[in-house]
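Notes for the one structure printed next.
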There are 2 protein chains.
Amino acid sequence: MTNSHKMKKISRKERERLARKEAIIDAAEEVITLKGFKNSTMDEIAEKAELGKGTLYLYFNSKTSIYLAICDRGSKLLNQKMAQVITMDIKGIEMVKEMGHVYLDFIKSNPIYFNAFNFFENSLSEDRLVESAIVDDLQEHGVEAMTYVVRALQIGMQDGTIRTNYDPKELGIIFWGASRGVIQVAYMKENRKSLKILSDINFSLESLVNSFIDIIGSGIKNDQ
Amino acid sequence: MTNSHKMKKISRKERERLARKEAIIDAAEEVITLKGFKNSTMDEIAEKAELGKGTLYLYFNSKTSIYLAICDRGSKLLNQKMAQVITMDIKGIEMVKEMGHVYLDFIKSNPIYFNAFNFFENSLSEDRLVESAIVDDLQEHGVEAMTYVVRALQIGMQDGTIRTNYDPKELGIIFWGASRGVIQVAYMKENRKSLKILSDINFSLESLVNSFIDIIGSGIKNDQ
DNA sequence: TTCAATAAATGACCAACAGTCATAAAATGA
DNA sequence: TCATTTTATGACTGTTGGTCATTTATTGAA
């Protein structure tokens, strides 16, 4: 009785703690969306969250930590959408293509996660990212996203819509990396007037991605 | 006479100034290679260059500015190598593939530029990057690299090794973006033990990139 | 209701570091 | 030789991420 009562209390506290953490992430997303990560200060995030700066550090170890939490949120969201594709009643090759579109839509409707993902990858190779807990979590999400792609490829190999001469895992890495690269370049083109690299080219993000998916699709699809 | 003498002096000064600038970039490359951009301080770079910190600011506006100069160096180097491919006596489709390999080799032998390029792109979408002079220069190099790819594609379309149903510029963007994406993912896999996303997969960077080039190659090559 | 104990919140404070500037040293050329 | 201009310097400043002693709120037993 006392025990369950106590348990309940702890559980409520836990919930409150989680809620506050989410609220801080909300605030950080707003501030960072507006000013970019580097130009956002902890004081600004604290003010937006209606908390003292010191309080933020009761919930997060560092500024980077908060940005990684945003990353985490984004990758969970993306994975949910990827998971849905697997449940669709379509051929494997169509699933793979659909995943490309899902990723594109995701980036277009959540640009902050685009930057956050890039930041994470950049940090992985530059900084000493000691936050092993959240980093492991993020990597786990990466593995999960990859798993969906690989599964779609396997489905396609079984239903005969995708060639079987490559290892599906290898193909998965390739498709994933290539999609990200194309969408990154195309996204930059669309969003930065100053990105002159493509200024005289007027393909829309969608048409670029569609063509890409066509090309890689015809590179992997079973022709016979 | 006096004039030409004066001209000569100015020219020598210019040369010395340029040389010192290069020396600072050298020093910065060393320090940043060792500690990463964020963890490197201007004092460290100054010490490595055997100069006072204030002196660095006679040659560069900011720490970021130095990193962009490193970027600049890297993209010039890469463009040189890309330009060589165009002069080779091979079919268009082979040129395109060769460019993928060139990019891969470049990243493998100059990892610092890999990070620098990523930093630049990230900054373009996050910061307010006011250094318009060097930014324009960098974008120009991007356009140049792209031009090589597009030219190779056009050559391939003319010699019949590449399908003509896509706009070569569109294809160029796609090939370029996809290559970067695949190499980025594969490079991360190879260099970060902690990158668990692919830990149970044992394809080498080369074999991944080779497969990718195969796939996209068969997606764009003229089959008949 | 009261109150001691525990937990949560706070903002003044600190250290690190990018960037500045008054001063000094070196180069120039008359 | 020396006045003038150019180049170099490091002490100094402002900003900001992160800390911690202190304050405030919550809890639960008496």
Side-chain angles (χ1 to χ4, degrees), chain A residues 1-24 27-28 31-32 35-69 119 123 127-131, chain B residues 1-24 27-28 31-32 35-69 119 123 127-131:
Chain A
M1 195 62 164
T2 328
N3 207 348
S4 101
H5 187 214
K6 206 172 181 180
M7 297 273 287
K8 199 165 185 179
K9 280 231 168 93
I10 285 168
S11 159
R12 198 206 71 211
K13 280 220 170 164
E14 279 294 304
R15 275 202 316 277
E16 280 177 357
R17 186 178 166 79
L18 264 290
R20 176 133 300 173
K21 235 182 143 164
E22 290 302 309
I24 292 171
V31 175
I32 292 173
K35 314 188 60 174
F37 177 68
K38 222 189 73 180
N39 301 322
S40 301
T41 70
M42 289 301 269
D43 280 300
E44 287 171 315
I45 294 171
E47 194 186 6
K48 176 67 79 179
E50 294 173 283
L51 291 170
K53 178 165 72 163
T55 311
L56 299 189
Y57 287 89
L58 295 178
Y59 295 89
F60 295 94
N61 297 322
S62 66
K63 191 185 171 192
T64 295
S65 205
I66 294 180
Y67 206 30
L68 293 183
F119 172 87
S123 301
D127 300 345
R128 290 292 162 267
L129 257 271
V130 193
E131 314 272 342
Chain B
M1 195 64 165
T2 330
N3 208 346
S4 100
H5 185 216
K6 205 171 181 179
M7 297 274 288
K8 199 166 186 180
K9 278 230 168 92
I10 285 169
S11 160
R12 197 206 72 211
K13 281 220 170 167
E14 278 294 304
R15 276 201 316 278
E16 280 177 357
R17 187 179 166 77
L18 264 290
R20 176 135 298 175
K21 237 182 142 165
E22 290 302 309
I24 291 171
V31 175
I32 292 172
K35 315 189 58 173
F37 177 68
K38 223 190 74 179
N39 301 322
S40 301
T41 69
M42 290 300 268
D43 280 298
E44 288 171 316
I45 294 171
E47 195 186 7
K48 176 66 79 179
E50 295 173 284
L51 290 170
K53 178 165 71 163
T55 310
L56 298 189
Y57 287 89
L58 296 178
Y59 294 89
F60 295 95
N61 297 323
S62 65
K63 191 186 170 190
T64 295
S65 205
I66 295 181
Y67 205 30
L68 293 183
F119 173 87
S123 302
D127 300 346
R128 292 291 161 268
L129 257 273
V130 193
E131 315 271 341

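The figures here come from the full heavy-atom set of this structure, side chains too, leaving out hydrogens, waters and symmetry mates. Residue numbers start from 1 in every chain, and the chains themselves are labelled A, B, ... in the order their sequence lines are given, proteins ahead of strands.
- One can place CZ of B:Arg17 at 17 Å from P of C:dA27, the figure rounded to the nearest angstrom.
- Considering only the side chain of A:Thr55, C:dT10 comes nearest among D:dA11, D:dG17, C:dT10.
- Residue contacts for B:Tyr59: at a heavy-atom cut-off of 4.0 Å it reaches the sugar-phosphate backbone alone, with no base atom in range.
- Nucleic acid contact class of B:Arg20 (heavy atoms, under 4.0 Å, all strands): sugar-phosphate only.
- Across the protein-nucleic acid pair, A:Lys53 atom NZ and D:dC20 atom P stand 14 Å apart, rounded to whole Å.
- In this structure, B:Lys63 NZ and B:Lys38 NZ are separated by 9.0 Å, a value rounded to the nearest 0.5 Å.
- Nucleotide C:dC17 holds its P atom 15 Å from the CG atom of B:Leu56, rounded to whole Å.
- Atom CD of B:Glu22 is surrounded by more than 12 heavy atoms from other residues, nucleotides or ligands within 6.0 Å.
- Rounded to whole angstrom, the span from the NZ atom of A:Lys38 across to the P atom of D:dT15 amounts to 16 Å.
- Looking at the side chain of A:Leu51, the nearest of the listed nucleotides D:dT9, C:dT10, D:dG18 is C:dT10.
- Across D:dT6, D:dT9, D:dT16, the shortest atom-to-atom separation from the side chain of B:Lys13 is found for D:dT6.
- A side chain to side chain contact (heavy atoms under 4.5 Å, CB included) with B:Ile66 is found for exactly one of B:Phe60, B:Phe37, B:Tyr59, namely B:Phe60.
- B:Ser65 comes within 4.0 angstrom of no nucleic acid atom, judged by non-hydrogen atoms across all strands.
- Rounded to an integer number of Å, the gap from CG of B:Asp43 to C1' of C:dA18 is 9 Å.
- Between B:Glu47 atom CD and D:dT9 atom P the separation is 13 Å, expressed in whole Å.
- Distance, B:Ile66 CD1 to C:dC17 P: 15 Å, rounded to whole Å.
- Nearest nucleotide to the B:Thr41 side chain, out of D:dT16, C:dC17, C:dG19: C:dC17.
- Crowding of B:Glu16 atom CD: a count of heavy atoms from other residues, nucleotides or ligands under 6.0 Å exceeding 12.
- Distance CD (B:Glu16) to P (C:dA26): 15 Å, rounded to an integer number of Å.
- B:Thr55 places no side-chain N or O within 3.5 Å of a backbone atom of B:Leu51 that could act as its donor or acceptor partner.
- Within 4.0 Å of B:Lys63, counting heavy atoms only, lie sugar-phosphate atoms of the nucleic acid but no base atom.
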